[in-house]
Amino acid sequence: MKKRLYLELENCIGCRSCLAACTQCGGHEERNRNYVYDVNPLVNRQTMPLMCLHCVNPACARSCPAQAIQIHETGAVLSALVEKCIGCQNCTIACPYGIPKFDTEQNLMYKCDLCIDRTKDGIPPMCASVCPSNTLQWLTDEEIEAKQKQFNLDNGKWVTSMPYLEGETNVRVNLPGILQGVTKLF
Amino acid sequence: MQRDKFFKEIENVRHPNETLVKTHCSYCGMQCGMNLRVNTKTNKIIGVEPRYDWPVTVGKMCPKGVTAYQQTNLDDRILKPLIRDDASLKGTKEGFREATWDEAYDLIVKNFQQLQRDYGKDSLSVYSGVSMTNEKCYLTGKFARVGLQTRYIDYNGRFCMASAAGGFMRSFGVDRGSTLPWTDLHETDCLFIAGSNTAECHPTSMFRVWAVQERGGYLIVADPRETPIARRADVHLDLRPGTDLALANGILNLLIQNGHVDKEFVNNHTNGFEETKELVKEFTPEYTSELTGVAPEKIIRAAEIYGKAPNAIVMFARGIEQQVKGVDNVSGYTNMALVTGKIGRPKAGVATFTGQGNGQGGREHGQKADALPGYRKIANPEHVKAVAKVWGIEPEEMPKEGVSAYEMFGLMEQKVIRGLYLLCSNPAVSAPNLNYVREQLKNLDFMVCSDFYLSESAEFADVILPTTTWSEDEGTVTNLEGRCIKINKAQEPLGESKPDWQIHVELCERLGRGKYFSHLKTAKDVGDEFRLASKGGYADYYGITWDKIEKQDGVFWPCKDENDPGTPHMFLDKKFYHPDGKAKICALPYRPPAEEPDEQYPLRLTTGRVVYHYLSGNQTRRINFLRDMCPEPYVEVHPETAEKYNIKHEEFVRLYTRRGEAEYKVKITEAIRKDTVFVPYHFGDDKSINLLTIGALDPMSRMPEFKACAAQIEKLELKKVQ
């Protein structure tokens, strides 16, 4: 059954285990490919991961003059092919989320490939495998639908369960605020 | 064999020329399951793969866990014994030369025997730790008492779990860190968590904590800081450091006033209710608020939620335990569960977040100054007789009780203790009042340190013995649930390093005590003897075989024999371990911290951890990823306080107390009380916050008050570029 990366931003505790784990995936050359941000560090401890959302029509790939960014049959937007990447950095500018990173020494772009050597066999990516807070989860579409129903909240302030942020993405996101829709047990 | 809603059947990735070794993390009490990836050509550990089939953590790991494997083959490893001939270089990294094991052993034997001839058996001491297997912890106790024949052995659990142990012993008559398995956490209706920065110190508990709220349950957090877990709490009790007992009494008073007492449970299964009820009467929300600084409405709301919750779990950690009333704090919060009867059934109970990997097992089996294997007491002649029999000595030969870890430094000052064998610990960073402690280490006549890196404490040693990391030996560990699990060997010891149990055996043979040790040829031999030594004690491990651990995904103690599956839930029969079978509700008068702020030192200093480092940082500060994420300590200051001192974000200040001072970069944050500053304690040399902390001890647990002392800040106008 097809599974997707699903993000529940409210859960993030800022441990950056996802970044440490990213270095552990076979094809990642021990470099992490995503980000965790302190949202408002002088005020509180809220943090959020910024992961590649694996767009269905990815701006990074569209902007690439050398067709170095391939899309895997699973929908994963792969890291630049070493033999094709010309180091122009178009992709780093084109991506609305600022995901692709650039290695100036190798003159090569690199980005999250959703741990393709794991996810192609249905094994969760390293980040979602280790995430201690369940901010990053690896779920079926049915499980995600249930989550979105549970957290579908639009109270004029928050929309926690959005279909997509910009264009359609393979990764699904729930913005902070999920707890506002929960009915308390007592 | 628990399979809960988080458990999923997932295959592991297997790379060519690699094998996976199932084991657990080297660090905290969570003991997350992990697979170490071992290259089958080089036989070296090269990475980590999640262990999805471990029921407690289902593949999850924090950043320390993910990078733990890097410790084993790090360039910093000590590969051969090191000797330093020039004692004037003590306290520095200088002057060590490589030596053979024989030369190192000979030098140790010569000096130890000389000291004992001149000053008596008790002139030697052993200072140990619990980030190692039960087998090693057990043998360290025997090494001190039978091998060296000294009374002076204690361990770093005095800075970690001793108050929880003391509180549980008093309340329940038994000290198992959690009365229920962690797989119950997400199914309870209310978590009351005091003094635990869970998201940073035990991160893999967090998916279960958040699941309680997702179900509509409640999270109540008591902490002077708005930690990542407090940020999402339904009620955050933002108390002054060192005032927990007032808060516990205040909530207990409300639980009683509001009719949440389980009368049947209290009458039949506890003692001390009436007396306690009288004592806490005084702790009205207003008075409690005055003492703790928490708004009365929050205290009332917290008591209402905990009282109404069908099931609730009270949890706590070092925040409440590292105080001069740590034991009282533990019993105080435990009172909440006893008065409301929310204990002795699934999804309800009390738990402490054990700090060190084997903080539970390590304190049960005889490294504590007053304890023998199986949680027996040296003061009890029957207990001594039982252990002496297993050890093959006469009961009269058993050394008497010693003193606690911090008090050993006092005996070093008095020259009662002249020699030290240090293992698995780094007191030159982790002990309080470090100027004093480092001075005592320097003045020792002879010191041996067993470690795999040159720790700040090893810098004081005359001989350093290279020991193995956790991945180069096997044995059992008892995690924070009380579940005994198996650590497996993934790689042969690097260089000439040896596991500590083997070092103890070889050293004892050279000290002429071989007949008590020579039969121990493998970790399993030690394990079998340890099971026997624990048999009949409170913490009975006799039935915990390595096979059973494998078959059952770990075994909860007590487990008395081969057919006993162990005890995941404590007190299901409502029988507690005091002689009358009842638990004790404790009447605990409030007392303030040992040192209160005054005009000269107006701020409260509290210390703690960050998610990237473990204990003294001796391991984690060497791992690139972790060091990059948190390379140095800092002081957290509230913006209003900072303004008073005219300090801006990332400026440098001198922070000082009556005992010492250090310079830190300022981190401005609203997530801390205005009267409190916080510094993480993982750093060495002149960056150690423990240069400033106080050596005041809990009268029962002998735990220092790391969590509260009085301090002052001074802005540094000119700071050299770092």
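Lettering follows sequence order; numbering is per chain, from 1. The structure presented is a predicted model; accordingly, all values stated were derived computationally and were not measured.
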Separation between SG (A:Cys85) and CG (A:Asp103), nearest 0.5 Å, reads 10.0 Å

Considering only heavy atoms, which portion of [X] lies under 4.5 Å from any heavy atom of chain A: side chain, backbone, both, or neither?
| X | value |
| --- | --- |
| B:Ile668 | both |
| B:Asn12 | backbone |
| B:Ala230 | neither |
| B:Ile672 | neither |
| B:Met629 | side chain |

Under a 4.5 Å heavy-atom cutoff, which of [options] has the most pairs with chain A?
| options | result |
| --- | --- |
| B:Thr67, B:Val58, B:Val611 | B:Val611 |
| B:Val13, B:Asp234, B:Thr204, B:Leu626 | B:Val13 |
| B:His15, B:Gln213, B:Lys667 | B:Gln213 |
| B:Lys308, B:Glu636, B:Glu214, B:Glu226 | B:Glu214 |

Side chain / backbone / both / neither for [X] at chain B, heavy atoms under 4.5 Å:
| X | value |
| --- | --- |
| A:Pro41 | backbone |
| A:Leu42 | both |
| A:Asn32 | side chain |
| A:Val130 | both |
| A:Ser133 | both |
| A:Gln150 | side chain |

Report yes or no: do B:Thr19 and B:Thr40 form a side-chain donor-acceptor pair below 3.5 Å? no

Any luck finding a side-chain donor-acceptor pair between B:Arg609 and B:Tyr614 under 3.5 Å? no

Within the side chain of A:Ser129, is there an N or O that forms a donor-acceptor pair under 3.5 Å with the backbone of B:Pro50? no

Tell me if a side-chain donor or acceptor on B:Tyr218 pairs with a main-chain N or O of A:Phe186 at a distance below 3.5 Å. yes

Kindly determine whether A:Ile69 and A:Met109 satisfy side chain to side chain contact (heavy atoms under 4.5 Å, CB included), including the steps that lead there. CA-CA 9 Å; A:Ile69 302 171; A:Met109 165 276 215; 3.6 Å; yes

Would a 4.5 Å heavy-atom cut-off, applied to side chains only, mark B:Tyr612 and B:Lys64 as touching? no

Given the side-chain rings of B:Phe7 and B:Trp54, with only the six-membered ring counted for Trp, is the space between their centroids under 6.0 Å? no

Out of A:Lys147, A:Lys2, A:Arg172, A:Arg4, which one pairs with A:Asp141 under the salt bridge (Lys or Arg N to Asp or Glu O under 4.0 Å) rule? A:Arg4

Of all of A:Glu30, A:Glu10, A:Met126, which one pairs up most often with chain B through heavy atoms under 4.5 Å apart? A:Glu10

Decide whether a cation-pi geometry holds between B:Arg37 and B:Tyr69; the criteria are a distance under 6.0 Å from NZ or CZ to the six-membered ring centre and an angle within 45° of the ring axis. no

